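In what follows, every heavy atom counts, from backbone to side chain, and hydrogens, waters and symmetry copies are set aside. Remember, predicted model here, so these are calculated numbers, not experimental data. We're numbering straight along the sequence, starting at 1.
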Amino acid sequence: ARTQPFRCCHFNMAHPTGTRVYVGDLAPDAAKHELEREFERFGRLRDVWVARNPPGFAFIEFEDPRDAEDACKELDGRDLCGRRARVEIARGKGRGAP
């Protein structure tokens with residue numbers, strides 16, 4: 001019998017639809033703790049991932065999709081980490097998805 005290869009994923013693929021938020025147009029030195037502080041006021045966070053190569057974007061994962069939606073409505077177009085950021089519900093399945 002054949003065994004399935006082991007796959008390692010950065011994000012938990014079991015997250016409900018609409019819980020991941022894309023944050024774009026960030027400064028290259030955007031800090032994870034700054035984003036956590038801004039987004040955690042909308043609800044419980046599962047994960048915060050900040051891109052470094054190339055820099056300028058991040059993904060925030062909430063436990064509840066309603067919190068993700070509230071964060072998008074409130075923060076889109078606002079200053080985050082020193083720049084006017086784009087904040088929207090992430091499309092796609094995330095990193096490491098088959």
Side-chain angles (χ1 to χ4, degrees):
R2 253 185 181 180
T3 59
Q4 292 292 328
F6 176 77
R7 292 184 187 224
C8 179
C9 300
H10 177 74
F11 289 109
N12 177 357
M13 301 295 27
H15 62 74
T17 303
T19 59
R20 286 182 60 235
V21 172
Y22 169 80
V23 184
D25 302 329
L26 291 172
D29 61 348
K32 181 179 177 176
H33 71 274
E34 289 180 69
L35 292 171
E36 285 172 335
R37 187 177 62 235
E38 286 290 339
F39 283 87
E40 69 188 1
R41 62 192 175 103
F42 296 97
R44 295 183 102 168
L45 304 178
R46 281 191 182 160
D47 191 28
V48 176
W49 180 82
V50 181
R52 293 291 170 223
N53 189 21
F57 68 97
F59 287 99
I60 314 293
E61 187 174 351
F62 285 89
E63 288 187 4
D64 188 316
R66 294 170 295 188
D67 297 333
E69 190 65 39
D70 289 345
C72 291
K73 288 176 185 173
E74 177 85 20
L75 296 177
D76 187 38
R78 298 261 176 107
D79 270 8
L80 295 175
C81 302
R83 286 212 184 148
R84 186 176 168 168
R86 192 171 76 217
V87 181
E88 58 192 42
I89 298 296
R91 291 171 281 180
K93 295 182 179 181
R95 291 170 28 120

To the nearest 0.5 Å, tell me how far C72 SG sits from I60 CD1. 10.0 Å
Nearest heavy-atom contact between R52 and P28 is NH1-O, 3.3 Å
Side-chain contact, heavy-atom cut-off 4.5 Å: P65 with R20? no
Quick one: does E38's side chain get under 4.5 Å of L75's, heavy atoms only? yes
Go through the steps to decide whether D76 and R86 satisfy the test side chain to side chain contact (heavy atoms under 4.5 Å, CB included), and finish with yes or no. CA-CA 5 Å; D76 187 38; R86 192 171 76 217; 3.9 Å; yes
To the nearest 0.5 Å, how far apart are OG1 in T19 and CZ in R46? 5.5 Å
Report the distance from atom CD1 of I89 to atom CZ of F62, rounding to the nearest 0.5 Å. 8.5 Å
Quick one: closest heavy-atom pair of F57 and L26, and the distance? C-CD1, 3.9 Å
Just how far is it from atom CD of E69 to atom CG of D64, taken to the nearest 0.5 Å? 11.0 Å
E40 bridged to R44 by N-O distance under 4.0 Å: no
Non-hydrogen atoms of F39 and A71 that approach each other most closely: CD2-CB, 3.9 Å
Can you tell whether the side chains of K32 and E34 come within less than 4.0 Å, N to carboxylate O? no
Can you give me the closest heavy-atom contact between A68 and G18, atom names plus distance? CB-O, 3.3 Å
Minimum-distance pair of heavy atoms, taken over all atoms of G43 and D67: CA-OD2, 3.5 Å
Could you walk me through whether V23 and V21 pass the side chain to side chain contact (heavy atoms under 4.5 Å, CB included) check? CA-CA 6 Å; V23 184; V21 172; 4.2 Å; yes
Within the 4.5 Å heavy-atom criterion, are L80 and V87 side-chain neighbours or not? yes
Say whether, by atom type as modelled, one donor and one acceptor occur between the side chain of R84 and the main chain of R78 under 3.5 angstrom. no
Measure from the ring center of Y22 to the ring center of F59 and say whether it is less than 6.0 Å. yes
